[in-house]
2 protein chains.
Amino acid sequence: MLEQNELKKAGLKVTLPRVKILEIIESNPDWHMSAEDVYKELLNRGDDVGLATVYRVLTQFEAADILKRHQFEGGKSVFELISKGDHDHLVCIKTGLVEEFHDPVIQERVAAIAEQHGFDLTDYSLVIYGISDQAKNKKK
Amino acid sequence: MLEQNELKKAGLKVTLPRVKILEIIESNPDWHMSAEDVYKELLNRGDDVGLATVYRVLTQFEAADILKRHQFEGGKSVFELISKGDHDHLVCIKTGLVEEFHDPVIQERVAAIAEQHGFDLTDYSLVIYGISDQAKNKKK
DNA sequence: TTCAGTGCAAACGATTTGCACCGTA
DNA sequence: TACGGTGCAAATCGTTTGCACTGAA
């Protein structure tokens, strides 16, 4: 139900693939999923959706401001719900673990720097790379 | 001459392709070059180096801490000399213009956030996207 | 009914790799 | 001379696209 409203609001026809993909992403709010991840999840659920459609739908959702695309390192794009709100990311280079944080001081500095350089701020990307506690404990 | 020392210091045999590629990058300190850019520059100079070698050499330079790789948006990697020192980037989404800045406040916050989350800070990436003055003036 | 949406396979662009030859140390 | 380095072409990987078919409004 909820998905249908979101889709209509975005001017997207309510189709099975779109509803299913949105369901999957909304049911994994802590997981930054790639197109491949979503595709596999669909297969797991027995839903028959082509990989090309997953890519198309994710791109449409990004354009509709339902999802935000991130690159991190490693070539592949990952997506997360915009409704989760503003935040940046910490990525563990050993485990791939992704954590989120929100820092007003940084946001303020970013806005100030953009202005100083004569840029109309559109967006910014901040990713902190490091080795998480978990990864360190495993090593011992 | 200088290039030869840099290469030896990095444990890399001093070969023609490596010297030439390093020369090109050092002679364009304000240009964030892609593998393709370097390759074309080599062709312009009449040097016959394969694109595969450019990729291999750039990757080796990255591993040797001579270059830093950035992704920005658009899929392709660009490289710049590490010897230029610490800085982050502003990228104009209209023109592709790249400017650099250095902000101690942000660096301090990044370190603090990593620590709070139990991450050993390895690196971070901050890119501010916006529309530069130049792009705005063109539009008028 | 109609046209946007979809599945499939082929096309793509950036990057990597296998292999035989070449040039530094 | 020996072995790492190189050029070329083929292979990969994530992603996009052409086309005929399908299903939501």
Side-chain angles (χ1 to χ4, degrees), chain A residues 1 3-24 32-43 45-64 66-79 96, chain B residues 1 3-24 32-43 45-64 66-79 96:
Chain A
M1 287 295 99
E3 283 89 5
Q4 311 214 353
N5 288 330
E6 284 192 75
L7 292 174
K8 280 180 189 161
K9 208 181 305 171
L12 296 169
K13 200 181 280 187
V14 179
T15 64
L16 244 49
R18 300 217 257 240
V19 172
K20 286 175 182 169
I21 291 172
L22 193 47
E23 255 175 37
I24 284 179
H32 294 72
M33 303 183 85
S34 67
E36 194 73 33
D37 291 332
V38 172
Y39 179 63
K40 284 181 186 152
E41 215 25 46
L42 285 165
L43 294 186
R45 300 186 177 200
D47 294 323
D48 184 22
V49 175
L51 180 54
T53 299
V54 173
Y55 275 104
R56 275 186 287 236
V57 169
L58 290 175
T59 302
Q60 291 157 355
F61 285 0
E62 184 191 10
I66 295 173
L67 297 182
K68 184 147 178 40
R69 179 194 301 258
H70 298 283
Q71 301 264 176
F72 302 159
E73 0 106 81
K76 38 175 51 172
S77 294
V78 294
F79 298 83
Chain B
M1 289 296 97
E3 282 89 4
Q4 311 214 353
N5 289 330
E6 283 191 76
L7 291 174
K8 281 179 188 160
K9 208 180 306 171
L12 295 170
K13 201 180 280 187
V14 179
T15 63
L16 245 49
R18 299 216 257 240
V19 172
K20 287 175 182 167
I21 290 171
L22 193 47
E23 256 175 37
I24 285 178
H32 293 73
M33 302 183 83
S34 67
E36 194 74 34
D37 291 332
V38 172
Y39 179 64
K40 284 182 186 153
E41 216 24 46
L42 285 164
L43 294 186
R45 301 185 176 199
D47 294 323
D48 183 22
V49 175
L51 180 56
T53 299
V54 174
Y55 275 104
R56 274 187 288 236
V57 170
L58 290 175
T59 302
Q60 290 157 355
F61 285 0
E62 185 192 11
I66 294 173
L67 297 181
K68 186 148 177 38
R69 180 194 300 259
H70 298 282
Q71 304 261 197
F72 302 160
E73 3 104 78
K76 37 175 52 172
S77 294
V78 295
F79 298 83

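Throughout, protein chains are lettered first and strands after them, A, B, ... in sequence-line order, and every chain is numbered starting at 1. Since the structure is predicted, the reported quantities are computational estimates derived from the model, not experimental observations.
Contact record, B:Val54 with B:Ala35: CG1-O, 3.6 Å, taken as the closest heavy-atom pair.
Side-chain nitrogen and oxygen atoms of A:Lys13 include none within less than 4.0 Å of the OP1 or OP2 phosphate oxygen of D:dA24. In terms of phosphate contacts, A:Tyr55 brings a side-chain nitrogen or oxygen within less than 4.0 Å of OP1 or OP2 of D:dT15. Between C:dG5 and A:Arg18, a contact under 4.0 Å exists linking OP1 or OP2 to a side-chain N or O. OP1 and OP2 of C:dG5 both lie 4.0 Å or more from every side-chain N or O belonging to A:Thr15.
The base of D:dG4 is not paired with the side chain of B:Arg56 by any donor and acceptor separated by under 3.5 Å.
Along DNA chain C, the nucleotide nearest B:Gly75 and the nucleotide nearest B:Leu12 are compared for position; the residue whose nucleotide lies closer to the 5' end is B:Gly75.
Look at NZ on B:Lys40: it is 12 Å from C1' on C:dG13, rounded to the nearest Å. Computed from coordinates, the A:Lys8 NZ to D:dA24 C1' distance equals 11 Å when rounded to whole Å. At whole-Å resolution of the value, CG in A:Leu43 and C1' in C:dG7 are 13 Å apart. We find that CG of A:Asp37 is positioned 13 Å from C1' of D:dG14, with the value rounded to whole Å. Atom CD in A:Glu62 sits about 11 Å away from atom P in D:dT15, given to the nearest Å. Atom-to-atom, CD of B:Gln71 to C1' of D:dG14 comes out at 13 Å; the value is rounded to the nearest Å. The interatomic distance linking B:Lys76 (NZ) with C:dT15 (C1') rounds to 12 Å, in whole Å. The distance from atom CD of B:Gln60 to atom C1' of C:dT16 is 13 Å, rounded to the nearest whole Å.
Taking every side-chain heavy atom of A:Val14 into account, D:dA25 is the closest of C:dT16, D:dA25, D:dT15. If you check C:dT6, D:dT6, D:dT15 against the side chain of B:Thr53, the one that comes closest is D:dT6. Closest to the side chain of B:Val57, out of D:dG14, D:dA25, D:dT6, is D:dT6. Among the nucleotides C:dA9, D:dT15, C:dT6, the one closest to the side chain of A:Ala52 is C:dA9.
Residue A:Ser34 is classed as having no contact, given no heavy-atom separation below 4.0 Å to the nucleic acid.
Looking at A:Thr59, its side chain does come within 3.5 Å of a backbone N or O of A:Tyr55 through a donor-acceptor pair. A donor-acceptor pair is defined here as one N or O able to donate and one able to accept, closer than 3.5 Å; such a pair exists between the side chain of A:Arg18 and the backbone of A:Lys13.
The side-chain heavy atoms of B:Lys68 and B:His70, taken from C-beta on, include a pair separated by under 4.5 Å.
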Any chance you could lay out the side-chain contact (heavy atoms from CB on, under 4.5 Å) test for B:Ser77 and B:Gln71, step after step, and finish with the verdict?
CA-CA 5 Å; B:Ser77 294; B:Gln71 304 261 197; 3.7 Å; yes
